[in-house]
Every structure is written in C-alpha cells, then in structure tokens.
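Encoded as structure tokens, the structure appears first; notes follow it.
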Amino acid sequence: MNRRDMLLGGAAMAAAPLSQGQAQPAAANTLRVAMTVADIPLITGQPSQGAEGNRFGGITVYDPLIAWDLSSSDRAAALKPSLAERWSVADDGKTWTFNLRSGVRFHDGSLFDAEAVAFNLGKLIDRDAPQFDRMQAAQGSLYSTNIARWRVKDASTIEVETKTVDAVFPYLLANVFMSSPARWREMGQNWERVATNPSGTGPYVVERIVPRERLEARRFGDHWNEARRPKHERLALIPMPDALTRVAALLSGQVDFVEAPPPDAVPRIRAAGHQVVTNAYPHIWCHQLSMLPDSPFRDVRVRQAANLAINRPAMVQMLGGLAIAAKGMVNENHPWFGAPSFKIEYDPDKARRLLAEAGYSRANPVRTKFIIAPSGSGQMQPLPMNEAIQQDFRAVGIELEFEVMDWEALRARRRASAEGPENRGMHGINNSWGFWDPDIGLLGPAYGRGRIVGGFNWGNYQDPVADDLCEAARRTFDVNAQNAILAQLHSRLVDQAMWLWVVHDVNPRGLARRVQGFVQAQSWYQDLTPITLS
C-alpha cells in the first residue's frame, strides 16, 4: 500500500462502532470533542499533551493572566487582558507589574488574588515551596524559566522580576494557568488528588475524568467574562489518536467536533451534511535536527540538501490541498519572514550535489534516524508524511530510519534534548511547532549562547549571529523594531537550514451539522464557548 492509499483509507471508514468508553450518543446540549491525543491532559493547571493539552485542558478549565483574543477568524490572534487587567514593565526591562481583575472566583468559590498568583508561580518554580509540583513544573518550564522572583504588593497587585530583559515575556504568561490554592489545601495538599477534582477560574467545571476515555465538564455560569460563558451546558473531551476512528465517530453521530480529519475523508464528511472548517494559523510541520558530534546535520550542506530533497508540492497534493508548502519557519507573508538567500524548494539534483560536496554518495549515503509519533497535537498525518520524506531522501542519498512512539513519549524525548541518553543515535525529532509568539517561534529554537537543556533548542543549534539577533530582539520593546530584527533572524535560520521545514497546516476540523457558532481563530488555541448545538 502506498502512502496515498493509506490516506484514502480515511474515506472508506463509514461508521464503525466504537468502544463504550470512546464516545456516547448525542446528549442534547453536550459538545463532544474528539482530540488527537491518546489520554486526557494533565488537568491540575499546567496541562500535558503539548499545545493541544493547553487548548483542551488549559483554557477550558483555567485562565492565565494574559490570554489570546480568539474571537475573530480574519486576523491573527493577539494578546488581551485576562486575569490581569493591565501590566507594565519598569525601565530596567525586567520588573513587571500586574494589576489583577477584582471579584474573580475559582470554581470552588475561593477568591482569586495576588496570593493565588504567587502560589501558582511557586508550584512551577520554587522547589522548596510545599505546593511545588514536579509534573506541572515540567510542563510549565518552557514558560517560567526566566522568572527570577515575585512579590505580592497588595491583594490586586503582583510584581514579577525576570532574570534577563525579555520583551516577549507577556506571550509566555499566556501559557501559565491559575489553579486554586484552596482546592489544593482541601485535597490534603496532594496534586494527585487535585487531578480528580480540579478547580480553576475558566469557563468549564470538571465533573468526571476517566483516564484515556473521557473528561466531562459543565458550564461555569459565574465565569467573570460573560462573553466566555459557554453557550452549551456540557462538554465531553474524548481522546482518539487514530484519525480514521475520529472520522467514523463523527459520521456515526458519536462526536460533534473532531480534530485533524484525514484529507481524503473531507469529501465524505461534507457529503454527509457535516462541516469541515479550515483557517491559516501560525504552525509548521517540521523536524528539529541534532547538531551533536555524531549527527550528519552538523554540516549545513547536509541540512540544505535534506530540505531540497523534500517534494512539498506532492505532499500538499497527498494531503488533499490542506497544507501550504513551507519556505521557512513562518509563512512567506509573515512580518518575520525577511529575505533569506537560500530558497527552500524541491531540487533533488542540487541536493545530490550538496551531498557530494559533503562527502556522501550512492555508495556512502547519509544514515540518520528520526523520532516520530503516529499521532498527536498538531502532527497532521505523521506516518504517511514521514514515509513520503523517507522516499524523497532515499532518492538523493539519505537513508532515514524511524523510532516510532506515543506522542507524549515523544514530547518527553524532546524535553530531554538531543544529548539525553535516551536520544543517543537520534538525529531529528518530528515535533510540529508554533510561531504564535517570538519566543517559541524563533528565539527559543535559535538561541545557543544561553541554551537551557530541555528548552526549545532541542538539537543544540549554535550560531553567534543568531545569538546576537535573539538578544537584540529580547531587548527591543517596540513591536515594529522587534519585527525587523526577527525578520533578520529568520533569514539567517533559513540560510543555515536550522531545521527541516515541510508544510504549514491549515488546521482542518470536522464539525457535526448540529454545531453552530464556532469561530476558527488564526491561532493554535480555539475557544469552544461560543458553540451552540441544535
């Protein structure tokens, strides 16, 4: 069976019955969502399962200090006040003051205030604090690493100091969620018990969790933001890592909302009277590359050759047009794109010449091994896509093997960084990526001078030119000036072929005909609360 036949199998899945735990018949006012992940995200405040975990286990149950505005489909999502009504930074560029919204209560009835913020920072950062939680700290470390200290000034004001000047700090706080100190104390100061009965300030109240089967929640009618009080009564989140199973569940009426349907299933979904919605959003399907001594990708010629070997137009066709061929980390019309001199395109002849210059040949091919997952947050259709790349590589003289594992296991391998002992012999990892903010999109992956093992720079990419640009961007608080620096940085990263950039996703979702009111934001995050069910 070739790779396109594998995708065509999605259209052949009609309405196969699902196991009892996966889905249940329609409840009049329950929105049933089929996620791509294999388990319910960690639900104590800092979700697991990547950005999809944040989408379904973060902004549903919890609120951050600063949030994304997800109310529009025709413009890129921007930051807006959430639990913090406003914020400012001192002249030192490191001391941030957050003025908090008054009158906000957690699901358990306790009051949200500055002490609650301090509690939540402590659970992620302060290993000596009684509330420190190793599991949440691991999930939140990407966003909290630069926080040095904090100080409660009064009930509605907290001051947070970063270790270094960081103009993108507000973006990071959009991923730090506030859980209830009162619920933690009520549960005997035990986070495992909190996971069975969590409490946030978000629009849904968790009522029941069955690991690997479903999470059930109800509408929080007292949510502080009237616009985010759900328009439906109940929510069910159902893990379904297999794309064909998700389609079958939608077609048979067992779920209402499915993530990432296979492209070749789209006509069948629409023919059945359901909806398939798409939108541009800041996301790239890519492979992060190792620069360790045993990796062939230490040589820029090999990195460039690997990028030139990939037939992106064929992959877009394989994906039913539900993708855009990548020319770098960001879209070509993005303000950070810049003017790279290396053109990412399909040119196998040039790829062979570059490999020959690097000392490789048909008799001496590049031998490499990548870590991949069969599904996961933003992973699109990873098995046939990776098999397509494997064939393209072989045609130019790169022999690619895979180590296939569960998505959450892959994420643990990414956090371990390329030099982790479990990653020995691995030269790449297929972890799709977002560029909704400068830190995750460019600065974290490119910065080597102050690299933190376990951060965004998995492969230990080192480039003094990129480092200087990263530091300049973090010192620049004017958005236009910062964008100009980021454009220079992106040009440099493309010229150096830091990663394999393959395609941009258009984020397809299948919606049952009874679903109305969903606004697909130009964001990785999506707001479920406006949805009504007919």
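Screening Leu235, Ile59, Leu215 for a side chain to side chain contact (heavy atoms under 4.5 Å, CB included) involving Tyr204 leaves a single residue, Leu235.
The shortest side-chain heavy-atom distance between Ser102 and Ser156 does not fall under the 4.5 Å cut-off. Residues Trp458 and Gln288 have side chains in contact (heavy-atom distance under 4.5 Å, counting atoms from C-beta outward). Here the side chains of Ile324 and Val316 are not in contact, with every heavy-atom distance at 4.5 Å or above. Considering only heavy atoms from C-beta on, Val206 comes within 4.5 Å of Ile43 through its side chain. Using a 4.5 Å heavy-atom threshold, the side chains of Leu400 and Ile389 count as touching. Between Asn507 and Gln520, some side-chain heavy-atom pair lies under the 4.5 Å cut-off. Residues His334 and Met329 have side chains not in contact (no heavy-atom distance under 4.5 Å, counting atoms from C-beta outward).
Partners of Tyr281 by side-chain hydrogen bond (donor to acceptor under 3.5 Å, both in side chains), not counting sequence neighbours, listed by chain and number: His283, Asp505. Qualifying side chain to side chain contact (heavy atoms under 4.5 Å, CB included) partners for Pro181, counting only residues two or more places apart in sequence or in other chains: Phe106, Ala116, Phe119, Arg185. In this view, Arg229 and Arg219, His223, Glu226 satisfy the side chain to side chain contact (heavy atoms under 4.5 Å, CB included) rule, not counting sequence neighbours.
At least one donor-acceptor pair closer than 3.5 Å links the side chain of Glu408 to the backbone N or O of Gln49. Not a single donor-acceptor pair under 3.5 Å links the side chain of Ser417 to the backbone N or O of Gly420. Listed for the Asn430 side chain is a donor-acceptor partner under 3.5 Å among the backbone atoms of Cys286. In this structure, Trp184 contributes its side chain and Ser179 its backbone to no donor-acceptor pair below 3.5 Å. No donor-acceptor pair closer than 3.5 Å links the side chain of Trp524 to the backbone N or O of Trp436. Of the possible donor and acceptor atoms, none in the side chain of Arg509 sits under 3.5 Å from a partner among the backbone N and O of Gln275. At least one donor-acceptor pair under 3.5 Å links the side chain of His107 to the backbone N or O of Gly200. Checking side-chain atoms of Asn423 against main-chain N and O of Glu419 turns up no donor-acceptor pair under 3.5 Å. The backbone N or O of Ala521 sits less than 3.5 Å from a side-chain atom of Gln526, completing a donor-acceptor pair. Side chain of Gln46 to backbone of Leu124: no donor-acceptor contact under 3.5 angstrom is found.
By the 4.0 Å N-to-carboxylate-O rule, Glu233 lies too far from Arg218 to be salt-bridged with it. Looking at Arg32 and Glu216, no side-chain N of the basic residue comes within less than 4.0 Å of a carboxylate O on the acidic one, giving no salt bridge. Note on Asp527 versus Arg228: salt bridge recorded, some NZ/NE/NH1/NH2 to OD/OE distance being below 4.0 Å. Under a 4.0 Å N-O distance rule, the pair Arg193/Glu186 does not qualify as a salt bridge. Asp69 has a carboxylate O that lies under 4.0 Å from a charged side-chain N of Arg75, or vice versa, which qualifies the two as a salt bridge.
In terms of heavy-atom proximity, Ala138 sits nearest to Ser141 at O-OG, 3.2 Å. Considering every non-hydrogen atom in both Gly122 and Ala129, the closest pair reads O-CB, 4.2 Å. The minimum heavy-atom distance between Ala77 and Leu70, with the atom names listed, is CB-CD2, 4.2 Å. Across all their heavy atoms, Phe177 and Gly45 have their closest contact at CB-O, 3.2 Å. Across all their heavy atoms, Leu319 and Met380 have their closest contact at CD1-CE, 3.8 Å. Considering all non-hydrogen atoms of both residues, Thr60 and Pro203 come closest at O-CD, 3.0 Å.
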*Output, in order, the C-alpha distance, side-chain angles, deciding distance and verdict of side chain to side chain contact (heavy atoms under 4.5 Å, CB included) for Leu173 and Tyr143.*
CA-CA 7 Å; Leu173 289 184; Tyr143 318 116; over 6 Å; no
*Worked check of side chain to side chain contact (heavy atoms under 4.5 Å, CB included) between Asn331 and His504*: CA-CA 8 Å; Asn331 303 88; His504 297 290; 3.6 Å; yes
*Give the intermediate values and the outcome of salt bridge (charged side-chain N to carboxylate O under 4.0 Å, His left out) for residues Asp256 and Arg514.*
CA-CA 8 Å; Asp256 306 299; Arg514 77 185 192 121; 2.8 Å; yes
*Take His287 and Phe370 through the test ring-ring contact (aromatic ring centres under 6.0 Å, His included) and record every step on the way to the result.*
CA-CA 8 Å; His287 298 72; Phe370 288 178; 5.4 Å; yes
*Run the numbers on Phe98 and Val117 for side chain to side chain contact (heavy atoms under 4.5 Å, CB included), then give the verdict.*
CA-CA 10 Å; Phe98 297 90; Val117 177; over 6 Å; no
*Evaluate the criterion side chain to side chain contact (heavy atoms under 4.5 Å, CB included) for residue pair Met178 and Leu83; output intermediate values, then yes/no.*
CA-CA 9 Å; Met178 300 291 122; Leu83 293 177; 3.6 Å; yes
*Taking it one step at a time, do Thr36 and Gln379 satisfy side chain to side chain donor-acceptor pair (under 3.5 Å)?*
CA-CA 9 Å; Thr36 70; Gln379 293 296 92; over 6 Å; no
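Atom OH of Tyr62 is separated from atom CG of Asn54 by 12.0 Å, given to the nearest 0.5 angstrom. Separation of atoms CG (Asp126) and CD1 (Ile147) is listed at 12.0 Å; rounding is to 0.5 Å. Taking CH2 of Trp191 as the reference point, atom CD of Gln131 lies at 7.5 Å (rounded to 0.5 Å). The CZ atom of Arg411 sits 11.0 Å away from the CG atom of Asp406 when rounded to the nearest 0.5 Å. To the nearest 0.5 Å, atom CG of residue Asn99 and atom CZ of residue Arg86 are 4.0 Å apart. With values rounded to the nearest 0.5 angstrom, Asn225 atom CG is found 8.0 Å from Ser82 atom OG.
Under the 3.5 Å distance criterion, with hydrogens and angles disregarded, no donor-acceptor pair is assigned to the side chains of Gln139 and Ser48. Side-chain contact, Arg183 with Asn197: a donor N or O sits under 3.5 Å from an acceptor N or O. Remark: the Gln522 side chain and the Ser73 side chain contain no N/O donor-acceptor pair separated by less than 3.5 Å.
In this pair, Trp68 and Tyr171 present their aromatic rings tilted. The plane angle is within the 30 to 60° band. Ring geometry for Phe169 against Trp96 counts as tilted: the plane angle lies between 30° and 60°, on a 0 to 90° scale.
In Glu192, the CD atom is not crowded: 12 or fewer heavy atoms of neighbouring residues, nucleotides or ligands sit closer than 6.0 Å. A 6.0 Å sphere centred on CD of Glu115 holds no more than 12 heavy atoms belonging to other residues, nucleotides or ligands.
Residues Trp285 and Trp501 keep their aromatic ring centres 6.0 Å or farther apart. Side-chain rings of His274 and Phe257 stay apart, their centers remaining 6.0 Å or farther from each other.
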